[in-house]
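Here the structure is a predicted model, which is why all the values come from computation and not from measurement. Atoms within a ligand are numbered from 1 in the order they appear, just like the ligands themselves.
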Amino acid sequence: MSVMMDKIEKRNDMLRHDWTVDDIAALYDMPFNDLIFEAQTIHRKNFDANAVQVSTLLSIKTGKCSEDCGYCPQSARYDTELENEPLMPLSEVIAAAKIAKDNGSSRFCMGAAWRSPKDKDLGPVIEMVKEVKAMGMETCVTLGMLSDKQTEELKEAGLDYYNHNLDTSPEYYGEVITTRTYQDRLDTIQRVRNAGMNVCCGGIVGMGESRRDRIGLFQELANQPQHPESVPINMLVRVSGTPMENGDDLDPLEFIRSVAVARVMMPKSYVRLSAGREKMSDEMQAMCFFAGANSIFYGDKLLTTPNPETNDDMQLFERLGIKAI
Ligand code: SAM
Ligand code: DTB
Ligand code: SF4
């Protein structure tokens, strides 16, 4: 066996939780072809390389959020011409979930623009989780910070995944959000873990952060006692009116490198090519799948911003010989 294959084999055989900044920087610094080859080799050892998990997102409560996340169109602090919507009635959620299922989604993710849910809001969300689960889909919600009691209630309702992102490195975090701390986020993720639910946790790149910050994000994600089962990597969607409306776009090759680094560091996690696909070429998305991304959001809208049409995604999968799972 070649030295390279031997090295890859060793990396794949252990799930590491002790990544140093230098270890991760060394991955980023690899020649592009070597990095993608390593990521693809590890990917194939752990997953069907031609299968991509498909989730659909629905915003069940939109806008008027108290938080100041600098990327987010739903913050009440920015004038983003967003239509605010109160909590959606159960019947509308069920109708949207049915369409998602008919389109081949295996997971339905419901998002709410809250700092954290009020206890009066959790009851209706729990009904949504139960109904969607009864339709035979996996369930995921993202509602902001959770208390122990709320986490337990969601677990009891049968929730499969909770999405809560770290967003960026601890060092860059203060440039992006001031109304809640990095530790607040880690605490919510820990609660979800303790309750025995699957963790969906990732971040955003392209917010003007440095490579060192991307390294810091992946270090935080992979050095948790258990890797998140699902790792969404969002490319910043620039929305007019937010503080991040203007800025330099991230080099697409650096984005692909980031996907590959996540795949190498968390070999058994689903790495989700998340927000930002609308602006990516088919070739770039294909390269991300080759670098180890194996999950996407289907549906023409993310929470509030556009996503590729389901039909376009189906055609892309067809052209790439990828099956949706
Ligand atoms: N309010 C809850 C919270 O912040 O945890 C749940 C919904 S929030 C919109 C979910 C995630 O979407 C954020 O943590 C962020 O990573 C991502 N997101 C929001 N706006 C984005 C944008 N413009 N571009 C890329 N990702 C974005
Ligand atoms: C995640 O990491 N990305 C999704 C999901 N988790 C909730 C949200 C992306 C939102 C993009 C901006 C919008 O559509 O409002
Ligand atoms: Fe609110 Fe979540 Fe948007 Fe932050 S990311 S402003 S918490 S909806």
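If you look at Arg180 next to ligand 3, the close heavy atoms, those under 4.0 Å, all belong to the side chain. Contacts of Asn165 with ligand 2, taken as heavy-atom pairs under 4.0 Å, involve the side chain alone. Under 4.0 angstrom from ligand 2, there are no non-hydrogen atoms of Val237. When non-hydrogen atoms are compared, ligand 2 lies under 4.0 Å from neither the backbone nor the side chain of Cys109. Contacts between Thr305 and ligand 2, counted as non-hydrogen atom pairs separated by less than 4.0 Å, involve both the backbone and the side chain.
If you number the atoms of ligand 3 from 1 as listed, the ones under 4.0 Å from a heavy atom of Cys65 come out as 1 (Fe), 6 (S), 7 (S), 8 (S). For ligand 2, the atoms sitting less than 4.0 Å from at least one non-hydrogen atom of Thr142 are 7 (C), numbered in the order shown with element in parentheses. Close contacts between ligand 2 and Pro73 involve ligand atoms 15 (O) [criterion: under 4.0 Å to a heavy atom]. When each atom of ligand 3 is checked for a heavy atom of Tyr71 under 4.0 Å away, the hits are 5 (S). The atoms of ligand 2 that sit less than 4.0 Å from any heavy atom of Pro232 are 2 (O). Per-residue contacts place Ser274 under 4.0 angstrom from the following atoms of ligand 2 (heavy atoms of the residue considered): 1 (C), 2 (O), 3 (N).
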Side chain to side chain donor-acceptor pair (under 3.5 Å) between Tyr78 and Asp68, intermediate numbers included = CA-CA 8 Å; Tyr78 316 131; Asp68 70 351; 5.1 Å; no
Walk me through whether Val125 and Met110 qualify under side chain to side chain contact (heavy atoms under 4.5 Å, CB included).
CA-CA 9 Å; Val125 173; Met110 295 167 271; over 6 Å; no
Decide yes or no on salt bridge (charged side-chain N to carboxylate O under 4.0 Å, His left out) for Glu245 and Arg238, but give the supporting numbers first. CA-CA 5 Å; Glu245 151 174 25; Arg238 288 188 199 283; over 6 Å; no
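Here Cys69 fails the criterion, with no N, O or S atom under 2.8 Å of atom 3 (Fe) of ligand 3.
Atom 8 (S) of ligand 3 has Ala113 CA, 3.6 Å as its closest protein atom, hydrogens excluded (heavy atom only). Looking at atom 10 (C) of ligand 2, its nearest protein heavy atom turns out to be Leu303 CD1, 4.1 Å. With respect to atom 15 (O) of ligand 2, the closest heavy atom belonging to the protein is Thr304 OG1, 2.6 Å.
In terms of hydrophobic clustering, with Ile, Leu, Val, Met, Phe, Trp and Tyr side chains grouped at heavy-atom distances under 4.5 Å, Leu302 and Leu273 are assigned to different clusters. In the hydrophobic clustering of this structure, Val259 groups with Met207; members are Ile, Leu, Val, Met, Phe, Trp, Tyr whose side-chain heavy atoms approach within less than 4.5 Å, directly or through other members. Note on Ile296 and Tyr270: separate hydrophobic clusters, where clusters join Ile, Leu, Val, Met, Phe, Trp and Tyr whose side-chain heavy atoms are under 4.5 Å apart, directly or indirectly. Under a hydrophobic-cluster definition in which Ile, Leu, Val, Met, Phe, Trp and Tyr are linked whenever side-chain heavy atoms come within less than 4.5 Å, directly or via other members, Val237 and Val176 are assigned to different clusters. Clustering ILVMFWY residues whenever any of their side-chain heavy atoms sit less than 4.5 angstrom apart, transitively, puts Leu58 in a cluster other than the one holding Phe297.
Judged by distance alone, with hydrogens and angles left aside, the side-chain atoms of Arg107 form no donor-acceptor pair with the main-chain N or O of Glu138 at under 3.5 Å.
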Below 3.5 Å only, please: the N or O atoms of ligand 1 paired with protein N or O atoms, distance on each line.
from	atom 1	to	atom 2	distance (Å)
ligand 1	1 (N)	Ala112	O	3.2
ligand 1	1 (N)	Trp114	O	3.1
ligand 1	14 (O)	Asp167	OD1	3.3
ligand 1	16 (O)	Asn165	ND2	2.9
ligand 1	16 (O)	Asp167	OD1	2.7
ligand 1	23 (N)	Tyr71	O	3.0
ligand 1	23 (N)	Val237	O	2.9
ligand 1	24 (N)	Val237	N	3.0

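How far OG1 of Thr305 is from CG of Leu82: 10.0 Å, rounded to the nearest 0.5 Å.
Using 4.0 Å as the threshold, Gly111 has no heavy atom nearer than that to any atom of ligand 2. Within the structure, ligand 2 has Asn163 among the residues with a heavy atom less than 4.0 angstrom away. Ligand 2 has at least one atom lying under 4.0 Å from a heavy atom of Phe297.
Residue Asn234 has at least one nitrogen or oxygen atom sitting less than 3.5 Å from a nitrogen or oxygen atom of ligand 2, judged on distance alone.
Using a 4.0 Å cut-off between charged side-chain N and carboxylate O, Asp312 and Arg277 make no salt bridge.
Counting only N and O atoms by type, the side chains of Tyr161 and Ser55 include no donor and acceptor under 3.5 Å apart.
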